[in-house]
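As structure tokens, the structure follows; a few thoughts come after it.
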Amino acid sequence: MKKAAVVGNPVDHSLSPDIHSFWLNEAGINGIYTKETVKHENFGSFIVNAAKKGYSGLNITVPFKEKAFKLCDVLSETAKELGAVNLIIFENGKIMGDNTDGQGFIDSVIEKIPNLSFKKNNFSILGAGGAAKGIIHALCKNGAKNINIINRDLKKAKDLASSYSGIATPYALSDIEKGLTDASFLINTTTMGMKGGPDSIEINFSEFPKIICFTDIVYNPKTTSLMSDALKSGIKVIGGIGMLVNQAVPAFRAFYGEEPRNLDSLYLVLENKMKVDHND
Ligand code: ATR
């Protein structure tokens, strides 16, 4: 039986087992995907021994993506550039690391706007943490030429922008108006508005007429308060569940050797699951 898991601390609310189990079932594969809560001090030995325990690969989540990076024998270019790994594959006795988060975001946007030109749009990103890092890296790989990074902690925005000179400009969240003036695409990568997370700022999108699309990487709740703000101004919105599903696509291929099937039904399954959890 092919075996994989998501490893983190905590991982209780991870939807990855629902995603992979759905695809396993659809493809009729004799496989299993579990979630493993691992203590910080045990993470290294868990990874090093996982192949022996029969895992074909692992997804790595908070707070272990940087630690996992350091344990890999072979790294993809993306993982090298980000210094973080969300996917580990065990192959020929080696630990191979990749990072599929950023491209997962891009694929989720292309799913909704197939002809989007990354070159021609101006992107503004709320946040400068790990998620922002992955998304900015992927935006650049896909041709983005203009990215504003807006963050509560300006220093973090400046540090991140310095890796993309000529493309990225940092702004403090208190200066958000300046960071949004030229934007055609706004992406929230912060935890603002997440169930159990900090309250969100409000944005009056009608003050920024160039913005055509707002995407939020938060997927629970399905419609965040920033998405509601955008909808009020008639702006296209894309929620975070697509990024979660699309980052899992290459993982499923690598773990089980088959193509994921029936994404439309999967989205319905995940939405229903979140509704149930929400009423807990
Ligand atoms: P992730 O890996 O998911 O990006 P992270 O690295 O902890 O998580 O980053 C969280 C992001 O959410 C950061 O940009 C953080 O802003 P700071 O760098 O200023 O801390 C942002 N964030 C978290 N809580 C916030 C709040 N209440 N208001 C604004 N931004 C917030």
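Ligands are counted one by one from 1 in listed order, and the atoms in each one are counted from 1 as well. Basis for what follows: all heavy atoms, side chains included, without hydrogens, waters or symmetry-related copies. Positions are given from 1, in the same order as the sequence printed here.
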Taking only Lys NZ, Arg NE, NH1 and NH2, and the carboxylate oxygens of Asp or Glu, determine whether Glu91 and Lys94 approach each other closer than 4.0 Å.
no
May I ask you to check whether over 12 heavy atoms, not counting those of Glu259, lie within 6.0 Å of atom CD?
yes
Please output the residues near ligand 1 using a strict heavy-atom distance under 4.0 Å, listed in chain and residue-number order.
Gly127, Ala128, Gly129, Gly130, Ala131, Asn151, Arg152, Asp153, Lys156, Leu173, Thr190, Thr191, Met192, Pro198
Please test Asn86 against Thr100 for side chain to side chain donor-acceptor pair (under 3.5 Å), starting from the C-alpha separation and ending with a verdict.
CA-CA 7 Å; Asn86 77 331; Thr100 66; 3.1 Å; yes
Should Lys35 and Asp12 count as an ion pair when the cut-off is N to O under 4.0 Å?
no
Under 30°, 30 to 60°, or over 60°: which ring-plane class applies to His20 and Tyr33, parallel, tilted or perpendicular?
parallel
Which one of Asp153, Asn151, Asp159 satisfies the side chain to side chain donor-acceptor pair (under 3.5 Å) criterion with Lys155?
Asp159
